[in-house]
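One structure is given below, encoded as structure tokens.
Residues: numbered from 1 along the sequence shown.
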Amino acid sequence: MAEHYTYALGRRKSSTARVRVTTGKGTITINGKPAKDYFADSAMLLHDLDKPFRVIEDNKYDVTVVVDGGGHVGQVDAIKLVISKALFEKNEALKG
């Protein structure tokens, strides 16, 4: 059986992020690395990645991200944007 996912694309500053959101345990993988390893130099940026999940009070999704361009701040902003877009598409209750 094929895994169902929601895809989203977004840009912020000079960064571009593409995400796939699936039902899961709350793991975030960025360019093939766990988010903790990818943003190891900044706990604040790592904390910002969870913001879309805190807003909807649900973290039962796994996220796979491919991001390029820009610095880490722009990349985090692009990732938050596309996670929000994907969660909006995936969760009918958010479409009030």
Can you tell if the side chain of Lys80 reaches within under 4.5 Å of the side chain of Lys85, non-hydrogen atoms only?
no

In the structure I gave you, are the side-chain heavy atoms of Val65 and Val63 within less than 4.5 Å of one another anywhere?
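Yes, their side chains come closer than 4.5 Å.
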
In one Ile/Leu/Val/Met/Phe/Trp/Tyr side-chain cluster, 4.5 Å: Ile28, Leu81
no

Least distance between heavy atoms, Asn31 atom then Val66 atom:
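Closest heavy-atom pair between Asn31 and Val66: OD1-CA, 3.3 Å.
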
Can you give me the closest heavy-atom contact between His4 and Lys90, atom names plus distance?
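Here His4 and Lys90 meet closest at O-NZ, 4.2 Å.
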
By the ring pair (Phe, Tyr, Trp, His ring centres under 6.0 Å) test, which pairs, at least two apart or in different chains, include something from residues 55-74?
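Applying ring pair (Phe, Tyr, Trp, His ring centres under 6.0 Å) to every pair that reaches into residues 55-74, excluding sequence neighbours, yields Tyr38-His72, Phe39-His72.
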
Between Leu87 and Ile56, is a side chain to side chain contact (heavy atoms under 4.5 Å, CB included) present by the stated rule, with each step listed?
CA-CA 9 Å; Leu87 289 174; Ile56 66 167; 3.9 Å; yes

My understanding is that only one of Leu49, Leu46, Val67 makes a side chain to side chain contact (heavy atoms under 4.5 Å, CB included) with Val76; could you say which?
Leu49

Using atom types as modelled and distance alone, determine if a side-chain donor or acceptor of Ser42 lies under 3.5 Å from a backbone N or O of Leu45.
yes

Between Asp62 (side chain) and Thr22 (backbone), is there a donor-acceptor pair under 3.5 Å?
no

Euclidean distance, [Y] [atom2] relative to [X] [atom1], rounded to 0.5 Å:
X: Ile79; Y: Ser84; atom1: CD1; atom2: OG; value: 11.5 Å
X: Asp48; Y: Lys51; atom1: CG; atom2: NZ; value: 7.0 Å
X: Ile83; Y: Thr6; atom1: CD1; atom2: OG1; value: 12.5 Å

Show me the side-chain donor-acceptor pairs of residues 9-21 shorter than 3.5 Å, one per line, residues at least two apart or across chains.
residue : atom : partner : partner atom : Å
Ser15   : OG   : Gly69   : O            : 2.8
Ser15   : OG   : Gln75   : N            : 3.3
Arg20   : NH2  : Tyr5    : OH           : 3.3

